[in-house]
Amino acid sequence: MTEPLLRVENLQTHFASELGTIKAVDGVSFDIPRGGILGMVGESGSGKSVTGLSILRLLGSRNATIAGGRILFRGEDLLQKSEAEMRAIRGGSISMVFQNAMTSLDPFFRVGEQLVEVLRLHQGLSKKEAREKALNALELVRIPDPVAKLKSYPHQLSGGQRQRVVVALALACEPDLLIADEPTTALDATVQKQIIELLQEINQELGTAILMVTHDMGVVAHMCRTVAVMYAGRIVEHGDVADVLRTPQHPYTRGLMASVPRLRTEAAGEGHVRQRLYQIGGSAPLPLRLTDGCAFAPRCPEVGPECWEVDPPTVASGAGQEAVCHRRAEEKAAMAGVAQHVGA
Amino acid sequence: MAGYLARRAGSMILVLLGVSVLVFLIMQLVPGDPVRTMLGPTATAESIAAVRADLGLDQPLVQQYVSYLGGLLQGDLNTSLTMAQPVAEIVFPKLGNTIILAAGALVICLVIGVPLGVLAATRQYSLFDRGAMFLSLAGASVPVYWAALVVISIFALKLGWLPTSGMYDVREPGGLGDLLRHLVLPAATAAVVPTAVIARLTRSVMVEALQQDHIRMLRANGVPERQIVWKHALRNALPPIVNIVGLQVGYLLGGVIFIEVVFSWPGLGGQLYTSITSNDMPIIQAGVLFIALVFVVVNLIADIVVALLDPRTREAVG
Amino acid sequence: MTSTTLGQKVVSPVAAGDTVAAQIKSRSRPALMWRALRRDKAAVVSIGILVFLTLVAVFAPLLAPYDPLDGDASQRLEGIGTPGHLLGLDGQGRDILSRLIYGGRYSLTVAVLPVLAAAPIALLIGMFAGYFGGRTGNAVMRVLDVLFAFPVVLLAIAIAAVLGPGLANVMLAIGITMVPYMARVVYTATVQESAKEYVEAARAAGATQAQILRQQLMPNVMSPLVVYGTSLCGLMIVLAAGLSFLGVGVTPPAPDWGVMTSDGRSVLLEGYGHVATIPGLVILVAALAFNLIGDGIRDALDPHKQTS
């Protein structure tokens with residue numbers, strides 16, 4: 001078996017707050033193969049963005065700590081790297097794109113200056129070489145009139161163009177992995193679709209692996225091969241996109257699917273790119289985890305007594321699809337019982 | 001740019017006209033008769049009336065203002081009541097000296113205040129930040145006249161490092177070196193309050209600048225923190241800093257009165273003080289007017305610089 | 001109402017604070033503020049210092065060991081720690097401690113009273129110009145622009161010089177100087193608040209202009225004015241003493257702290273630093289205390305900071 005490009009093992013990211021330790025990411029594990037696209041979905045506060053930030057160790061805030069786990073990138077643990085080594089990785093071999101396209105560029109510097117800065121930083125190029133590569137990067141993201149755009153200030157570009165420049169910045173140094181944290185949120189529908197398609201094309205042309213953090217099932221259906229559903233700091237279900245969309249196992253995933261009705265019939269259809277997750281009754285809890293038990297229990301239509309007290313087990317169903325749920329475990333055990341009974 | 005400049009210059013001229021009206025009116029409000037002061041207690045009623053007519057003081061107020069303004073525009077600032085010398089000859093060299101002092105202080109403000117605020121912002125809530133911010137609040141509360149006395153007693157009297165007063169050595173007035181030696185203490189003292197104010201503002205705008213999305217993007221691209229802070233964040237924080245620096249020039253131009261008095265710096269502030277004591281109204285009038293003029297022009301320059309700094313307004317302005 | 005709908009309706013934490021504050025009677029606003037302020041140690045210490053200075057000034061005749069105006073020439077300029085004279089004596093042999101104790105009566109009054117007197121005038125001008133806007137409001141602000149062309153210190157000195165020295169005149173000079181600055185703070189706040197939803201709501205509910213101004217805008221405009229005014233008191237202590245230092249303020253031999261610093265200046269060059277240094281330090285401490293309280297109130301009113 002080949003080594004995955006990125007392997008996250010039991011990641012724990014904690015925030016200190018007045019209410020106690022918030023386990024924003026609580027034992028998250030997943031792999032992304034070379035050239036793969038993993039979608040990570042969940043409501044805001046589910047820990048999906050924090051997971052992305054943790055990989056690049058960009059949490060910044062004083063009260064955030066990565067309390068445990070390993071983040072293996074090309075077999076090396078990023079959590080063991082020095083800050084200088086991490087700087088070389090950021091924007092070099094792993095890049096990140098954020099959701100606020102309108103404000104992700106420095107308004108005081110020309111597009112070209114910002115690209116050249118990153119290129120020279122990571123690849124030690126001369127100014128002239130860097131300028132050429134900057135132009136290449138703009139061509140890569142299919143910006144019209146890239147030569148002129150090098151001299152533009154961000155405010156002179158449209159929202160979609162700005163996000164393209166942000167993607168160009170992220171891809172300028174040809175990273176192996178791109179973490180896209182809701183990269184289309186602030187954009188209008190047609191532009192969203194264009195950016196999603198751009199990311200897909202880049203994935204195919206350059207083989208850049210993508211971690212797509214989103215709350216949009218449509219985006220996942222459209223571009224991802226595998227998906228992980230996060231709830232309250234944990235992955236509650238993951239598997240191939242086709243499997244998870246067709247036969248969601250976790251009640252939360254089912255809720256998500258039910259709230260996007262047409263997705264079921266046109267799973268990878270068009271026009272759903274901007275469908276947002278419907279708010280399942282109640283709201284996502286702060287992942288304080290004061291007690292054991294399933295965090296989704298208060299909102300779960302299938303909740304049972306054990307859900308409040310015991311951490312749910314992981315249940316595999318089919319090729320690599322797994323869900324973390326007492327109900328599914330019960331059903332599987334019952335099925336196994338039936339099978340045993342029939343077999344006997 | 002031209003349109004913006006014209007608009008700003010237009011409103012500046014209006015403000016300056018208002019300033020001249022106010023300065024003119026202030027003189028009218030002075031209790032006591034300036035002519036009587038000028039001629040002394042032995043003057044007769046006839047001689048007073050004659051001088052009043054001579055100076056145009058017997059005419060209606062509006063007419064007096066018009067001729068005052070007319071004179072002003074031709075550089076005629078009347079004659080000093082106590083020094084029998086045209087006010088312009090007294091005021092202009094002194095204004096130059098004051099600008100030297102204020103500029104010296106401004107350099108100190110910028111060299112210390114801005115970096116202090118930047119460093120505090122990058123270490124928000126650290127011991128350094130708290131210490132620096134408490135010190136700058138204390139600095140902003142310092143009475144300059146007192147600070148001047150303390151500085152003199154320490155550096156000039158106790159340690160004997162630097163001269164206590166004046167602008168050049170009395171016995172052998174030297175060139176630039178001599179001037180700088182005399183400038184250090186008064187400029188440093190004058191700089192205390194504005195440095196503190198600039199440091200506090202710089203900190204707060206830098207804290208805000210460092211929270212912006214594009215700073216996060218730079219971090220995600222591996223740009224070193226030092227480059228993020230000093231190149232990108234500071235560049236973003238610069239417009240409000242330039243504005244507050246412009247306003248601090250106003251503080252300096254007012255505050256130098258105390259400095260010039262205590263350090264015997266031959267500037268406009270010290271001259272104003274002397275003229276207030278001797279009730280020499282034309283000089284007070286001209287002095288106040290020119291300080292306001294410098295202040296207004298400096299702030300106009302600051303506004304233009306701010307507009308030029310930002311590519312968004314640079315376009316709108318042009 | 002579920003938490004989700006609440007979360008959608010409330011635009012920002014600031015607005016949330018406003019609704020909460022509007023629900024609780026306006027009388028308890030200072031109480032809320034005080035609760036937040038109490039956690040700010042620097043502000044609490046500062047309040048203590050100012051209360052102490054005020055009490056000392058009020059009870060000066062009981063506390064001062066000597067007559068502040070009567071000197072003993074034989075002991076002139078004796079330094080700090082002279083038996084019987086804790087802080088030494090000045091150039092005329094007057095007890096510095098006694099002068100400091102009495103001095104608060106001048107220095108604190110001269111700084112605080114004008115700010116208090118200027119506040120309602122500034123409130124009137126600023127709210128008028130801010131709420132009614134239009135040509136009149138604009139004209140008012142343009143007139144203030146002319147006053148902003150003069151550096152504060154210079155304007156105060158010029159007015160004080162014109163009015164002549166004396167306690168009442170300094171206060172008048174400082175008050176006049178302060179009005180435009182305070183009015184601008186009120187103006188800005190009024191313009192900002194007028195655009196908010198609660199004002200719209202009150203207008204829709206049929207409140208009269210006067211009611212909106214007094215009941216809706218005034219309490220919200222007061223907050224920035226209180227913050228500004230408190231810090232201003234600190235500045236004015238320094239400035240008022242400065243006017244006295246220059247001889248255009250409180251007249252000697254009154255033991256104003258600025259006058260005392262000025263007295264010390266002439267003997268400083270003879271090597272007697274304590275006469276000027278001590279009162280200057282007291283001015284610094286009092287000004288700093290006002291500034292720390294101003295900062296504390298600002299933070300206490302800031303809903304973003306309350307949680308941290």
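Just so it is clear, the structure is predicted and the values come from calculations on it, not from any experiment. Each chain gets a letter, A, B and so on, in the order the sequences are listed, and its residues count up from 1.
Minimum interatomic distance between A/His122 and B/Asn221 (heavy atoms only, all atoms of both residues): NE2-O, 2.7 Å. Pairing each heavy atom of B/Pro311 with each of A/Pro107, the nearest pair is CG-O, 3.0 Å. Closest heavy-atom contact between B/Ala220 and A/Met96: CB-CB, 4.0 Å.
A side-chain N or O of B/His232 and one of A/Glu117 form a donor-acceptor pair less than 3.5 Å apart.
Taking the ring centre of A/Phe109 as origin, the terminal cationic atom of B/Lys231 falls inside the region bounded by 6.0 Å and 45° from the ring axis.
Only the side chain of A/Tyr153 comes within contact range of chain B, with at least one heavy atom under 4.5 Å from a heavy atom of that chain. Heavy-atom distances place the side chain of A/Leu121, and not its backbone, under 4.5 Å from chain B.
To the nearest 0.5 Å, the span separating CD1 on B/Ile215 from OG1 on A/Thr103 amounts to 11.5 Å.
Within 6.0 Å of the CZ atom in B/Phe134, the count of heavy atoms belonging to other residues, nucleotides or ligands does not exceed 12. Atom CD of B/Gln227 has more than 12 heavy atoms from other residues, nucleotides or ligands within 6.0 Å.
Here the side chains of B/Asp213 and A/Phe98 are not in contact, with every heavy-atom distance at 4.5 Å or above. With contacts defined as side-chain heavy-atom distances shorter than 4.5 Å, the pair B/Arg216/A/Leu58 does not qualify. Residues B/Met217 and A/Leu169 have side chains in contact (heavy-atom distance under 4.5 Å, counting atoms from C-beta outward).
Counting heavy-atom pairs closer than 4.5 Å to chain A, the top-ranked of the candidates B/Asn236, B/Val223, B/Leu218 is B/Asn236.
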